[in-house]
Amino acid sequence: MVKIIKEKIGIKVALLANLVIFIIMLVGTIVLFLEQSSSLEAQLLDKGKMQSVIGAKIVSRLMEEAIDNRVFSEDDAFDQDYQKMPGDFDPPKFNTKYDSYLDRTLLPLEDEFLLDDSVVFAVAVDVNGYLPTHNTRYTKEITGDKEKDLVGNRTKRVFNDSVGIKAAKNTQQGFLQVYHRDTGETMWDVSSPIYVKGKHWGGFRIGSSLKVINAAKNRLMYMVIAIMSSILLISIVIVFIVVNSTLQPLEKLTAIAEEIAAGKIEDKIEYNSSDEVGKLASALEKLRMSMVIAMKRLKK
């Protein structure tokens, strides 16, 4: 009986303590995940901003070097007399006086940005959204299949949708937008302005994959949950051990109380403690003494 009472109290106390710990750790896990997730997004955004700034400087240097080396004139660099390319392209494609030069010089540099798994595209567009040179993965051979070509060949188009035109005309470094691409993808669009000979030429756009960002968040979430679960499991074991150890004196006092109730009042109760268990032991000793005195009076 004594052991059953002790076990019931121990289980109740341990469960209550672990419930409180669980709630605290659950709140802590959520807060930690949100903070780390926000920090992760900020890091990826900062990386995207840096990439867009670097890309803008690369395009500026290439264009200015071409002008200085008389590959084409400054007016040619700002050519907006878009010549429609022959062929039944939908959307239409255009040539300018400088696009073939960028195909040779800019393309390999743009592709370097795609070595980062989070980068979907890295391109330069002029102030009207005209994209002269896209990444290699988006300059595949024309198949005639509109859906395939929409994804596989996106170069020399004018991207003058709301996000595209804002990125093209933007003069702020690291300008962030959410881009709903016409291929069905949703991503971050980070752009920085391109200046050629001091004039605003357009912008350099970095498309950052939300899938990669969300995958990184999921990995972070699983890691946080695994760590917190391990800590919670250890705390549960420790709480049960501590509670059962703490209740050992109560088990002894319960046994003594049952002996007193059965009339066994000869043995003195000693417990050297000033805590609640000590007070209980003192009360039982007083009860025992009262019963001893009462028994002696009855014998008289």
Side-chain angles (χ1 to χ4, degrees), residues 48-114 119-142 149-150 153-177 179 181-182 189-207:
K49 287 180 178 180
M50 184 182 300
Q51 289 168 333
S52 70
V53 171
I54 292 172
K57 289 182 178 180
I58 289 173
V59 177
S60 176
R61 187 180 70 248
L62 286 177
M63 296 289 279
E64 290 181 351
E65 285 179 353
I67 294 169
D68 293 341
N69 294 326
R70 298 183 179 181
V71 176
F72 48 74
S73 67
E74 186 172 332
D75 287 341
D76 290 343
F78 288 86
D79 177 28
Q80 295 181 9
D81 183 20
Y82 310 118
Q83 299 296 308
K84 190 172 181 180
M85 292 175 59
D88 187 22
F89 297 117
D90 184 20
K93 297 180 180 295
F94 303 91
N95 289 123
T96 58
K97 294 178 180 178
Y98 58 81
D99 67 309
S100 60
Y101 174 77
L102 292 184
D103 286 342
R104 298 193 305 271
T105 58
L106 180 59
L107 180 57
L109 298 175
E110 286 182 335
D111 283 349
E112 287 294 317
F113 290 95
L114 272 59
V119 178
V120 181
F121 62 78
V123 294
V125 294
D126 75 0
V127 289
N128 297 316
Y130 171 66
L131 195 161
T133 302
H134 214 310
N135 302 108
T136 299
R137 69 171 61 162
Y138 302 114
T139 54
K140 296 178 181 178
E141 290 292 330
I142 297 295
D149 293 339
L150 183 66
N153 194 297
R154 300 174 65 79
T155 191
K156 305 192 186 305
R157 284 175 48 187
V158 176
F159 291 87
N160 56 2
D161 56 282
S162 176
V163 172
I165 203 66
K166 286 179 181 177
K169 295 185 179 300
N170 164 60
T171 57
Q172 172 188 333
Q173 288 191 343
F175 178 59
L176 175 66
Q177 300 180 86
Y179 181 32
R181 207 179 189 197
D182 57 10
D189 185 290
V190 188
S191 60
S192 291
I194 298 171
Y195 291 96
V196 176
K197 297 298 183 178
K199 300 176 184 177
H200 185 206
W201 183 88
F204 195 86
R205 298 175 61 181
I206 293 289

Test log, rule side-chain contact (heavy atoms from CB on, under 4.5 Å), inputs N128 and N160: CA-CA 7 Å; N128 297 316; N160 56 2; over 6 Å; no
Residues Q83, F94; criterion side-chain contact (heavy atoms from CB on, under 4.5 Å); working and verdict: CA-CA 5 Å; Q83 299 296 308; F94 303 91; 6.0 Å; no
Steps toward salt bridge (Lys or Arg N to Asp or Glu O under 4.0 Å) verdict (D68, K197): CA-CA 10 Å; D68 293 341; K197 297 298 183 178; 2.7 Å; yes
Test side-chain hydrogen bond (donor to acceptor under 3.5 Å, both in side chains) applied to D99 and N95, step by step: CA-CA 6 Å; D99 67 309; N95 289 123; 2.9 Å; yes
Chi angles and distances behind the side-chain contact (heavy atoms from CB on, under 4.5 Å) call for T136, L107: CA-CA 7 Å; T136 299; L107 180 57; 3.7 Å; yes
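Nearest heavy-atom pair, A56 versus P193, reported as atom, atom and distance to 0.1 Å: CB-O, 3.3 Å. Pairing each heavy atom of K93 with each of I142, the nearest pair is CE-CD1, 4.2 Å. The two residues N153 and K140 have their closest heavy-atom pair at ND2-O, 2.6 Å. Taking each heavy atom of A124 and W201 in turn, the nearest pair found is CB-CZ3, 4.2 Å. The two residues Q177 and S162 make their nearest non-hydrogen contact at OE1-O, 4.3 Å. The nearest pair of heavy atoms linking M63 to V196 is CB-CG2, 3.8 Å.
Side chains of D126 and Q80: no donor on one and acceptor on the other come within 3.5 Å.
Using a 4.5 Å heavy-atom threshold, the side chains of L131 and K156 count as separate. In this structure, L150 and P91 have side chains that are in contact, with non-hydrogen atoms separated by less than 4.5 Å. Side-chain contact between D189 and F121 is present, with heavy atoms from C-beta onward closer than 4.5 Å.
Y101 has its ring centre less than 6.0 Å from the ring centre of F72.
To the nearest 0.5 Å, atoms CZ (F78) and NZ (K199) are separated by 6.0 Å. In this structure, Y138 OH and D149 CG are separated by 14.5 Å, a value rounded to the nearest 0.5 Å. I67 CD1 to R70 CZ: the interatomic distance, rounded to the nearest 0.5 Å, is 12.5 Å. To the nearest 0.5 angstrom, L109 atom CG is 5.5 Å from I58 atom CD1. Between the OG1 atom of T96 and the CG atom of D81 there is a distance of 10.0 Å, given to the nearest 0.5 Å. Atom-to-atom distance recorded for N170:CG and L176:CG is 10.5 Å, nearest 0.5 angstrom.
In this structure a side-chain-to-backbone donor-acceptor pair under 3.5 Å is present from S60 to Y195. Of the possible polar contacts, none joining the S52 side chain to the I206 backbone as a donor-acceptor pair under 3.5 Å is found. With hydrogens and angles ignored, the 3.5 Å screen pairs no side-chain donor or acceptor of S191 with any backbone N or O of R205.
Between K97 and D76 a salt bridge is recorded (basic side-chain N to carboxylate O distance below 4.0 Å). A salt bridge links D182 and R157; the closest N-O separation between the charged side-chain nitrogens and carboxylate oxygens is under 4.0 Å.
A cation-pi arrangement is absent between K166 and F175 under the rule of less than 6.0 angstrom and at most 45 degrees off the ring axis. Cation-pi geometry between R181 and F159 is not met at under 6.0 angstrom from the ring centre and within 45 degrees of the axis.
Dense packing is recorded around CD of Q172, with more than 12 heavy atoms of other residues, nucleotides or ligands lying under 6.0 Å away.
Here the options are I194, I54, V123, the test is side chain to side chain contact (heavy atoms under 4.5 Å, CB included), and the partner is F204; only I194 passes.
The aromatic rings of Y130 and Y98 sit perpendicular to each other, their planes meeting at more than 60°, with 30° as the lower class boundary.
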